[in-house]
There are 2 protein chains.
Amino acid sequence: MTVNRDEILNALVADNLVSDPNGARGRLLREAARLFRDKGYERTTVRDLAAAVGIQSGSLFHHFRTKEEILKAVMVETVRLNTALMRAAADAADTSRARLRAMILAELESIVGQTGEAMAVLVFEWRSLSDAPREEVLALRDIYEQLWLDVLEALKAEGAIEADPFIVRRMLTGALSWTVTWYRPDGGLGLEDLVDQVMAMMRLASR
Amino acid sequence: MTVNRDEILNALVADNLVSDPNGARGRLLREAARLFRDKGYERTTVRDLAAAVGIQSGSLFHHFRTKEEILKAVMVETVRLNTALMRAAADAADTSRARLRAMILAELESIVGQTGEAMAVLVFEWRSLSDAPREEVLALRDIYEQLWLDVLEALKAEGAIEADPFIVRRMLTGALSWTVTWYRPDGGLGLEDLVDQVMAMMRLASR
DNA sequence: CAATACCAAGCAAGCGCTTGGTTTGTAAAC
DNA sequence: GTTTACAAACCAAGCGCTTGCTTGGTATTG
């Protein structure tokens, strides 16, 4: 990887697209992501959220107008960050096959790494968003998805994959995001190994 | 398929392992599954559940002691039914490859078919179950999962797949259950086509 | 001396669930 | 073949609690 995670994050923070993780807002969003993943959005109360950052529940509404706005912010910022990370990962590879591998690794890193809580929220809590904000998040996600479709279409053109790129991506989305429910980085299986397994499953091995 | 769905269902009903879909309890569980999938368990109130079957909210507690017990019943009965269906699908095929194909088809049929609501609940709402009932459901699910591991291990031994069977199954779980979020049977893509795509993705085609 | 960040207190609404009593289905007793 | 008995199914009402959010005021900071 030529561009590292922190550089990308800082650039987004500078553009006000993502909250500074060290600021009050950023800290709250991180705790919110953790709570939303662990207990679900509905089971998490504003009192839980407030306690997690050490303030009174009413004080939350100085930073966010509603509880739902917190959920939306978690999702929006997560998509933005991951789109940037994914683009960087894709750009750094020079063959389609290497590009797919890099993207799978990047997505798994997001899922099991620091933004894992937020990624899980993105996967499991979209139903808790009401229509308008959901559409907003989905629109952002489309940009992210297009990065995947580009590389999968290239692989299809090369004959490296046989199935429809669109469907392959949807299957990959499910397969990779499902790892949040079972993969533990401290187990015997490293992240790179896991990527190898995914590539092997699609018979695209050759690390 | 030599054994059809209704036969299997009736056998389970006769053994009291699954509620009669026409009975009061069965109807409630079906409506509960639909509501839980559409709005999530937490957002679904006992008043919603009662209204869906046309009774007062208090009357629910004549059939179930708590709201959580309804969720558990939905999950338990769904796993039981699908284990039976999956076993039948597996037994009817004679090669490992055909068996995997039959099982993928069976799982997709469960996901997009009549029990689809309940399957989605099983996937997305496990976090809403408290510890003890969750362990119970997971224990039942292990039986179901073993059916998959058996056929994947056979395929591995035959050299038809390259990756670890355990990991392949987890990837398949994610990929297939994720279809609930996007696949619509009335679109251009039929279920058999979708299975073909999955097999093609694993380079196991040859319908 | 504003503006920002927070606290203490509490309100209105909605939640799961309980209660006491009525209707309905079923089958034995007469 | 009507009556009696009784449990299962349900209703109407509401209790106690938690929820998201508001309000009016007080520190803190540049």
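All values below come from the heavy atoms of this structure, side chains included, with hydrogens, waters and symmetry mates left out. In what follows, every chain begins at residue 1, and chains take the letters A, B, ... in the order their sequences are listed.
We find that CZ of B/Arg25 is positioned 11 Å from P of D/dA9, with the value rounded to whole Å. Whole-Å rounding puts the A/Phe61 CZ to D/dC21 C1' distance at 5 Å. Protein atom CG of A/Leu60 is 13 Å distant from nucleotide atom C1' of D/dT19, rounded to whole Å.
Nearer to the 5' terminus of DNA chain C, by closest-nucleotide assignment, is the contact made by A/Ala24 (compared with the other of B/Thr45 and A/Ala24). Comparing B/Lys67 and A/Ile55 along DNA chain C, the residue whose closest nucleotide (by nearest heavy atom) sits nearer the 5' end is A/Ile55. Where A/Val46 and B/Gln56 meet DNA chain D, the nucleotide closest to each residue was compared, and B/Gln56 sits on the side nearer the 5' end.
Using a 3.5 Å distance cut-off with no hydrogens or angles, the side chains of B/Asp193 and B/Gln197 do not pair a donor with an acceptor. Side chain to side chain, A/Arg87 and A/Thr83 fail the donor-acceptor criterion of an N or O pair below 3.5 Å. Side chain to side chain, A/Asp150 and A/Gln146 meet the donor-acceptor criterion of an N or O pair below 3.5 Å.
Residues A/Arg43 and B/Ser128 approach most closely at NH1-O, 3.5 Å, considering heavy atoms.
With sequence neighbours excluded, the residues satisfying ring-ring contact (aromatic ring centres under 6.0 Å, His included) with A/Phe124 are B/Phe124.
Considering only side-chain N and O atoms, B/His62 lies under 4.0 angstrom from the phosphate OP1 or OP2 of D/dA9. At the phosphate of D/dC11, OP1 or OP2 sits under 4.0 Å from a side-chain N or O atom of B/Ser59.
When DNA chain C is scanned in the 5' to 3' direction for atoms under 4.0 Å from non-hydrogen atoms of chain B, the outermost contacting nucleotides are C/dC15 to C/dT18.
Look at B/Arg101 and B/Glu192 and you find a salt bridge, because one of the NZ, NE, NH1 or NH2 atoms lies within 4.0 Å of a carboxylate O, short of that distance.
Residue contacts shown for A/Thr66 are limited to sugar-phosphate atoms, with no base heavy atom under 4.0 Å away.
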